[in-house]
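What follows is one structure encoded as structure tokens, with my remarks underneath.
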Amino acid sequence: MSFQVIPAIDVVGGRLAVVTPQGPAPARAYGADPLAAARAYAAAGARRVHVVDLDLAYDGVARNLETVREIAGLGLWVQGSGGIRTMSHARSFVDAGADRVVLGSGALRDEGVTLDVIATFGARAAIGIEVDDGRIRARGAAEVDLPLVETLGWLVAGGASTFLVTAVARVGSLHGPDVATVKRVVRSGRPVLAAGGVASVDDLRVVRDAGAVGVVVGRAALEGGLDLRDALGAFA
């Protein structure tokens with residue numbers, strides 16, 4: 001399988017958004033239209049997109065499932081994300097057309113729910129690992145502070161198929177990926193996607209060489225600092 005470059009589409013109230021240290025903010029690109037962004041990414045060659053419901057992540061209410069449905073309707077493979085913490089959340093994204101859901105780090109405080117989602121959805125469920133200062137700390141509405149290695153241990157034992165590791169301090173920063181954390185999660189033996197800080201094709205290569213199978217790219221792709229067509233072509 002080739003290295004995956006997956007552009008992110010963050011959505012709040014049905015509109016394209018960006019994540020700031022203060023929370024979600026309106027995006028300027030593509031007229032803040034998430035469907036326009038999805039079409040542009042598809043035109044650049046993307047076949048997979050990462051769609052984040054920021055309302056669910058920050059307010060605990062899923063308000064963007066119709067956007068997930070519309071993007072899936074374009075023929076794109078959709079990875080749904082954004083504060084997914086319950087079986088109901090996961091089912092609602094799958095029912096809206098998501099090919100895979102990312103269980104948010106906020107779910108990890110409830111081992112039973114997490115293992116139920118893993119057992120129910122198998123490879124269609126990835127586990128979000130938001131890492132800050134070496135620990136798992138969820139952003140948004142859910143408060144979580146968990147040890148990284150021990151948590152990875154029970155997740156692997158419970159059958160987790162894929163991890164999405166996000167370097168919290170680097171999200172939106174364009175300051176480069178947190179390679180050390182990527183390598184720590186790769187040692188779990190499960191496929192790892194990485195997110196946070198990626199700004200260039202060279203950054204993508206660094207993450208690939210650290211053992212990840214792909215990267216979710218946010219701000220760099222949205223604002224055009226990373227030419228998505230070139231990035232996808234580099235790993236075709």
Side-chain angles (χ1 to χ4, degrees), residues 6-27 30 32-35 37-38 48-74 76-118 120-121 124-132 136-146 155 160 162-168 171-172 193 195-196 216-219 222:
I6 307 175
I9 299 174
D10 293 350
V11 187
V12 62
R15 304 297 290 167
L16 197 61
V18 293
V19 177
T20 73
Q22 293 74 40
Y30 301 107
D33 181 353
L35 283 177
R48 295 172 177 249
V49 291
H50 178 80
V51 183
V52 186
D53 186 335
L54 292 176
D55 289 296
L56 179 57
Y58 283 86
D59 296 336
V61 181
R63 298 191 180 97
N64 299 291
L65 293 172
E66 186 56 33
T67 301
V68 172
R69 192 183 312 279
E70 290 172 343
I71 292 173
L74 298 176
L76 290 164
W77 183 96
V78 173
Q79 180 168 269
S81 183
I84 297 174
R85 297 187 295 278
T86 68
M87 181 69 75
S88 177
H89 289 159
R91 288 191 188 282
S92 65
F93 275 79
V94 170
D95 289 346
D99 297 276
R100 181 162 65 196
V101 295
V102 179
L103 197 62
S105 293
L108 302 183
R109 61 187 174 188
D110 191 326
E111 187 171 336
V113 167
T114 300
L115 294 178
D116 282 348
V117 171
I118 290 171
T120 299
F121 293 102
R124 295 190 71 182
I127 306 299
I129 303 290
E130 295 176 288
V131 180
D132 187 19
I136 299 174
R137 294 192 174 102
R139 297 169 292 167
E143 294 184 5
V144 168
D145 186 353
L146 297 170
L155 286 167
T162 304
F163 293 121
L164 168 58
V165 56
T166 299
V168 171
V171 171
L193 299 168
V216 173
V217 183
R219 180 181 170 191
L222 181 66

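Side chains included, hydrogens not; waters and symmetry mates left out as well; all remaining heavy atoms used. As the structure is a prediction and not an experimental result, all values here were calculated from the model. Numbers here are sequence positions counted from 1.
Between Ala72 and Gly97 the shortest heavy-atom distance is CB-O, 3.7 Å. When all heavy atoms are compared, the tightest approach of Val117 to Ala125 is CG1-CB, 4.1 Å. Across all non-hydrogen atoms, the minimal contact from Arg124 to Ala98 is NH2-O, 2.8 Å. Residue Asp33 comes nearest to Leu16 through the heavy atom pair N-CB, 4.0 Å, listed as atom of the first residue, atom of the second, then distance. The nearest pair of heavy atoms linking Phe93 to Gly80 is CD2-CA, 3.9 Å. Closest approach of Gly128 and Leu108 over heavy atoms only: O-CD1, 4.0 Å.
Residues Ile118 and Leu103 fail the side-chain proximity criterion, which asks for heavy atoms closer than 4.5 Å. Residues His50 and Val102 have side chains in contact (heavy-atom distance under 4.5 Å, counting atoms from C-beta outward). Taking 4.5 Å as the limit, every side-chain heavy atom of Arg100 sits out of range of all side-chain heavy atoms of Phe121. Counting heavy atoms from C-beta outward, Asp55 and Val61 have side chains that stay 4.5 Å or more apart. At least one side-chain heavy atom of Leu155 sits under 4.5 Å from a side-chain heavy atom of Phe163. Using a 4.5 Å heavy-atom cutoff, the side chains of Val68 and Val11 are not in contact. Under the 4.5 Å side-chain criterion, counting only non-hydrogen atoms from C-beta, Tyr30 is in contact with Leu222.
Rounding to the nearest 0.5 Å gives a distance of 5.0 Å between CD of Gln79 and CD1 of Ile6. Going from atom OG of Ser92 over to atom CG of Asp53 covers 8.5 Å, rounded to the nearest 0.5 Å.
With hydrogens and angles disregarded, a donor-acceptor distance shorter than 3.5 Å links the side chain of Asp99 to the backbone of Val78. Not one N or O on the side chain of Asn64 forms a donor-acceptor pair closer than 3.5 Å with the backbone of Thr67. No donor-acceptor pair under 3.5 Å is formed between the side chain of Thr166 and the backbone N or O of Gly196.
If you run side chain to side chain contact (heavy atoms under 4.5 Å, CB included) between Val216 and each of Val52, Val49, Leu164, Val165, only Leu164 comes through.
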